[in-house]
Number of protein chains: 2
Amino acid sequence: MVDQALPRQAPNVSANAADDEHHCFVAKLFGKRARNREAQEERILNAATNCFIRSGFRGASMNEICSEAGMSPGALYRYFPSKEAIIEKISATHRQESAEILERMSQSRNIVDAITQVGLDHVKKMSMNDSGPGPRDSSARLFVEVRAEAMRNESVAAICELHEGLMREKLLGAFTAAKERGEIDPVTDLDLAVATLAAMGEGIIMRNFPAQGLPVEALEPVFRALAIAVLRPANK
Amino acid sequence: MVDQALPRQAPNVSANAADDEHHCFVAKLFGKRARNREAQEERILNAATNCFIRSGFRGASMNEICSEAGMSPGALYRYFPSKEAIIEKISATHRQESAEILERMSQSRNIVDAITQVGLDHVKKMSMNDSGPGPRDSSARLFVEVRAEAMRNESVAAICELHEGLMREKLLGAFTAAKERGEIDPVTDLDLAVATLAAMGEGIIMRNFPAQGLPVEALEPVFRALAIAVLRPANK
DNA sequence: CAATAAAGAGAGAACGTTCTCTCTCATTTA
DNA sequence: TAAATGAGAGAGAACGTTCTCTCTTTATTG
């Protein structure tokens with residue numbers, strides 16, 4: 001009954017510790033074990049994402065996630081130490097994906113074109129469903145969930161702030177460059193412009209524009225007009 | 001053991017049912033009993049609001065709410081049948097208060113002035129704390145919580161849709177009137193303008209502008225520029 | 001190569017806690 | 001006195017997490 005339970009010790013009979021370490025390192029990076037671990041983590045993350053979209057961070061139970069992943073609790077807890085950890089990982093990934101849309105900013109010469117494109121890309125991403133079944137606007141749902149969680153979860157708040165800082169920085173950089181190129185009125189307050197455009201981006205996600213029956217394409221001239229309004233104010 | 005549990009029926013020994021009904025009606029509206037009931041309900045609602053802001057709808061427990069209200073569960077459940085009911089009531093109230101800001105719309109002659117004022121009022125309300133202690137931006141926090149809940153709670157979703165429909169209607173009415181007065185370019189898509197401005201409003205709440213160190217007053221010219229951009233697009 | 005040891009991976013029951021909500025009974029009010 | 005009100009224990013379910021054990025894969029040894 002107890003004769004097989006406890007005796008679990010690492011023997012470590014090797015004479016060369018460095019060799020062992022190196023071997024372990026290689027195995028962790030490229031081995032079948034490591035690849036399998038990554039695959040399982042992704043399986044859990046996908047399942048959890050679906051559950052969180054369906055029931056919210058607090059509303060979804062670990063059992064629900066386990067069922068969705070086709071996995072036992074014991075197995076799941078081998079890959080993530082807590083529900084918190086899963087929430088944090090998903091929040092970080094989702095925010096990062098949003099932030100990455102800004103990468104295209106530097107590709108465009110015209111700053112108004114660039115803003116317009118970023119806005120459209122954002123809306124498109126948010127009306128998408130990255131992970132299989134479920135509502136079409138999964139990404140937007142998860143977005144709101146992350147925002148709500150950030151209100152009272154310090155870790156998630158830190159994650160949000162990190163990516164938002166990066167976004168602000170990138171936007172500000174692009175605007176400054178455009179200003180130097182003479183595309184923007186010299187008196188425009190760029191910090192204010194960044195904050196305004198970022199807020200508008202989030203609002204449009206929340207209200208879930210496309211879900212209201214408005215086609216994404218209709219937003220093109222709107223984004224353009226807004227970009228012009230914010231970057232080159234008519235008065236003052 | 002069971003002899004006292006269920007038999008709780010209104011005896012109604014009166015010969016005149018109409019009199020009783022009338023009496024009851026009057027008592028409910030003006031009696032001390034009714035006033036006390038309302039006071040207790042408000043006490044619970046205030047406590048619950050604080051808890052929900054602090055911990056979220058799902059995160060806050062009924063015990064937490066009872067403690068905050070200085071009340072036992074037995075007492076609380078006399079006034080609200082479930083946690084759900086409290087959530088719904090608070091959601092409805094909060095959304096209604098937001099919608100009521102639009103009442104001023106009709107007071108102003110100039111449509112751009114009106115939009116600007118509504119935007120500023122909205123931001124001011126959201127940076128406020130209606131119910132005593134807690135963070136300064138309680139209203140915004142609650143707003144996000146309601147939005148997240150609406151994503152998966154049908155009742156709350158219905159409440160949101162109701163008030164948003166009213167808001168859209170009111171905005172559209174004001175825009176139409178302004179168009180007839182010649183304030184708005186005849187080719188402007190008013191539905192799109194309504195949706196855009198509503199989305200921007202929500203976004204600015206979410207990003208919590210004032211909390212980012214930007215004074216509310218700085219937003220005045222921004223709102224003005226945006227209103228002009230949305231209502232009278234430069235091209236097309 | 002066969003035998004053996006160690007570790008990895010996973011299943012599922014069970015843990016202690018916390019949840020929402022109910023029941024009983026005492027107190028207050030009209 | 002009869003109804004309204006409230007306190008508080010606690011029922012019963014669900015929660016996140018851990019524990020024990022089995023089975024598979026990998027590494028080591030003779």
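Note that the structure is a prediction, hence the values are computed from the model and not measured.
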Margin query: In whole Å, I'd like the distance from the CG atom of B/L76 to the P atom of D/dG8.
Written below: 14 Å
Next item on the list: For residues A/R95 and A/C160, report the shortest heavy-atom separation together with the two atoms involved.
Entry: NE-SG, 3.9 Å
Note to self: What's the separation between atom CD1 in B/I101 and atom CE in B/M167, rounded to the nearest 0.5 Å?
What the structure shows: 8.0 Å
Note to self: When you measure from the side-chain N and O atoms of A/Q40 to the phosphate of C/dG8, is any distance below 4.0 Å, counting only OP1 and OP2?
What the structure shows: no
Notebook entry, point to check: What's the CZ-C1' distance between A/R43 and C/dA9, to the nearest Å?
Noted result: 11 Å
Next item on the list: Before giving the answer on salt bridge (charged side-chain N to carboxylate O under 4.0 Å, His left out), spell out for B/E41 and B/R37 the whole-Å C-alpha distance, their side-chain angles and the decisive distance to 0.1 Å.
Entry: CA-CA 6 Å; B/E41 281 177 6; B/R37 164 166 271 271; 3.0 Å; yes
Notebook entry, point to check: Closer to the 5' end of DNA chain D via nearest nucleotide, is it A/G74 or A/S61?
Noted result: A/S61
Margin query: Can you identify which nucleotide, out of C/dG10, D/dA7, D/dT17, has its nearest atom closest to the A/R78 side chain?
Written below: C/dG10
Notebook entry, point to check: Over how many whole Å does the gap from B/M62 atom CE to D/dG8 atom C1' extend?
Noted result: 15 Å
Next item on the list: Starting from C1' on D/dT25, measure out to CG on A/N36 and report it in whole angstrom.
Entry: 11 Å
Notebook entry, point to check: What nucleic acid atoms does A/Y79 come within less than 4.0 Å of, heavy atoms only: base, sugar-phosphate, or nothing?
Noted result: sugar-phosphate
Next item on the list: Consider the side chain of A/K83, meaning its heavy atoms from C-beta on, and name the nucleotide among C/dT22, C/dA11, D/dT17 that approaches it most closely.
Entry: D/dT17
Note to self: Nearest to the A/S72 side chain among D/dT17, D/dG6, C/dA11, which nucleotide is it?
What the structure shows: C/dA11
Next item on the list: Figure out the CG/P separation between B/N63 and C/dT17, and round it to whole Å.
Entry: 15 Å
Note to self: In this structure, how many angstroms lie between the P atom of D/dT26 and the CZ atom of A/R37, rounded?
What the structure shows: 15 Å
Next item on the list: Please determine, for the side chain of B/A75, which listed nucleotide (D/dG6, C/dT20, C/dG10) has the closest atom?
Entry: D/dG6
Next item on the list: Have a look at B/A60 and say if it touches a base, only the backbone sugar-phosphate, or nothing, with a 4.0 Å heavy-atom cut-off.
Entry: sugar-phosphate
Check: Is any side-chain N or O of B/Y77 closer than 4.0 Å to OP1 or OP2 of C/dC21?
Finding: yes
Notebook entry, point to check: In whole angstrom, what separates B/F80's CZ from D/dT5's P?
Noted result: 14 Å
Checklist line | Distance, rounded to the nearest Å, where B/I44 contributes CD1 and D/dT5 contributes C1' | finding: 12 Å
Margin query: Taking side chain to side chain contact (heavy atoms under 4.5 Å, CB included) as the criterion, tell me which of A/E68, A/M71, A/E38 meets it with A/R43.
Written below: A/M71
Notebook entry, point to check: How would you label the contact of A/P73 with the nucleic acid (heavy atoms, under 4.0 Å): base, sugar-phosphate, or nothing?
Noted result: base
Margin query: Any side-chain to backbone donor/acceptor pair from A/K83 onto A/S61? Under 3.5 Å, distance only.
Written below: no
